[in-house]
Amino acid sequence: MGPEHREEAWQRLGSDTFDLVVIGGGVVGAGTALDAATRGLRVALVEARDLASGTSSRSSKLFHGGLRYLEQLEFSLVREALRERELMLTKIAPHLVKPVSFLYPLTHRFWERPYTAAGLLLYDTMGGARSVPGQKHLTRAGALRMVPALKRDALIGAIRYYDAQADDARHTLTVARTAAHYGAVVRTSTQVVDFLREADRVSGVRVRDVEDGRETEVNAQAVINCTGVWTDELQRLSGSRGRFRVRASKGVHIVVPRDRIVAETGLILRTEKSVLFVIPWRNHWIVGTTDTDWNLDLAHPAATRSDIDYLLEHVNQVLATPLTHDDIEGVYAGLRPLLAGESEETSKLSREHAVARVAPGLVAIAGGKYTTYRVMAADAVDAAAVDLSGRLQPSITDRVPLLGADGYYALVNQTDQLASRYGLHPYRVRHLLDRYGSLVHDVLAMAEGRPELLRPLPAAPDYLRVEVVYAASHEGALHLEDVLTRRTRISIEYPHRGVDCAEAAARLMGEVLGWDDATIAHEVEVYQARVQAERESQDQPDDQAADASRAAAPEARPNVSEPVR
């Protein structure tokens, strides 16, 4: 997915005839492309912005069954999600998906412990085989030893249980790269601007390269709309009547330093509406999430001061030393694509997904949750089968490891040798292995003859300079924000939010992408404006004011049409 493949992909889009065109580069779109490619189909994936640039980089970063869905009696959803969690941990992406523990504080005597324990027993057993430990019961003293940050009167005891987590943007990118590895044409900055028709059936799409304005027609037997919160917008563009509606629910998270909450496990806290997570994230904690309707700009949902105050208020109810606005290193807001249901409360809307053949040659899929992306993808391809010539092979992605998974465990055992070979600290090698898996050799090979690339990025010491080069040369990064917000997570992990390392990163990218000084300066300027707009939006009292502040920033891809016309 480097720059040399980009022109080749454009030529193939215009000249080849595909079995499937997948619209949307989030995890469901990437998963659908992988599912189709591994079934032997000719598939193209197009994304208007960057891979995972929407919801799939702004989640709670958990692979989980969803404890609260048990209370809503959605047993099949939880069972399905837990099975997917197990597959990710053991076969498909062990380099990216890791176990993570949570403490569930108990606040009511007598009934709450057996009630919660029964739910967690179900949670521990519903997914079949389990590679994470089961629940562990703790007294108040035991819980406080595990999480000294808690107020003593915030609990009477606790239960510890396990789930799994991943860097969502890196996982989505790896799914897309794996699809490309199996023959899919994957192209970002490529927006669908119209649908092609033969009589009454959809026969492909017209796409625009939003970097240079070129357009071409992509012919296919079927098109799958995997655009999440943009589903209704693409539906209107196709001229077909939708079978379901999608509502956008905004979820806001804040990121704080690890030393601000003294704990050796994450937390899950009940709120009046839903649950609140405190999630370990390397040297940080992620606290989230909110759950409110959003009817404004779908590309850039904005967090408000009231969103942030809500999170601080609820987490501070149990912390002995309260968090303040000054403790916050990063903030991000994402939109859940929920299927519109009877309930007006978005937190009560189902996380089940829906698939529909909305017209001959056009399938739409929406709803669901990140964890079940692989199941959603298989269902979407199955739904397109009626429009495909020839027999459709069954889905096999439960047996297809993502790039970097093969050989990962052996490399973990060889960490010290790798560290010695490349002159890096073993801690640094482990960090790289958990980001790239067995592709770590490809990453570090970029630094041969250039030892300076193995030095940390200025003002972002968790990341090496070579990772920026690799992002541009192998991972499809076209703009500075692609690297600082998704290929790395610098934009949420440092108080400067990427501004202090923007020029250094842009110069490294420019070496690969052929940027001159003017382009480098423009990329830095656009990124700085984005950060400034986000900071200003986070001081606004409501969604409308926050949206206006965020919308003031220029687009990294100015030729993207929003909404699609």
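Excluded from the calculations below are hydrogen atoms, water molecules and symmetry mates; all remaining heavy atoms, backbone and side chain alike, are included.
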Subject >> Side-chain donor-acceptor contact under 3.5 Å, Thr227 with Asn225 >> reply: yes
**OP:** Report the residues that fulfil side chain to side chain donor-acceptor pair (under 3.5 Å) with Asp16, sequence neighbours left out, ordered by chain and then residue number.
**Re:** Arg12
Subject >> Non-neighbouring partners of Arg187 that pass salt bridge (Lys or Arg N to Asp or Glu O under 4.0 Å), sequence neighbours left out >> reply: Asp209
Original post:
If we ignore angles and hydrogens, is there a donor and acceptor under 3.5 Å between the side chains of Glu467 and Tyr436?
Top reply: yes
Subject >> Given Lys250, Arg247, Arg336, the one that forms salt bridge (charged side-chain N to carboxylate O under 4.0 Å, His left out) with Asp291 >> reply: Arg336
Subject >> Distance-only polar pair, side chains of Asp309 and His325, donor-acceptor under 3.5 Å >> reply: yes
**OP:** Consider only side-chain N and O atoms of Ser57 and Arg486, and report whether a donor and an acceptor are under 3.5 Å apart.
**Re:** no
Original post:
Thinking salt bridges, do Lys98 and Asp434 make one under a 4.0 Å N-O criterion?
Top reply: yes
**OP:** Applying side-chain contact (heavy atoms from CB on, under 4.5 Å) between Val43 and each of Asp19, Leu20, Val186, Val21, report the one that passes.
**Re:** Leu20
Original post:
Does any non-hydrogen side-chain atom of Glu555 lie less than 4.5 Å from one of Arg49?
Top reply: yes
Original post:
Are more than 12 heavy atoms from other residues, nucleotides or ligands located less than 6.0 Å from atom CZ of Arg245?
Top reply: no
Subject >> Beyond-backbone contact of His171 with His95, side-chain heavy atoms, under 4.5 angstrom >> reply: no
Original post:
Are His479 and Glu211 close enough that a side-chain donor and a side-chain acceptor fall under 3.5 Å?
Top reply: yes
Original post:
So, is the end of the Arg258 side chain (NZ or CZ) under 6.0 Å from the ring centre of Trp285 and within 45° of the ring's axis?
Top reply: yes
Original post:
Are Arg170 and Glu475 close enough for a salt bridge, meaning some N to O gap below 4.0 Å?
Top reply: yes
Subject >> Glu7 atom CD, neighbour heavy-atom count above 12 within 6.0 Å >> reply: yes
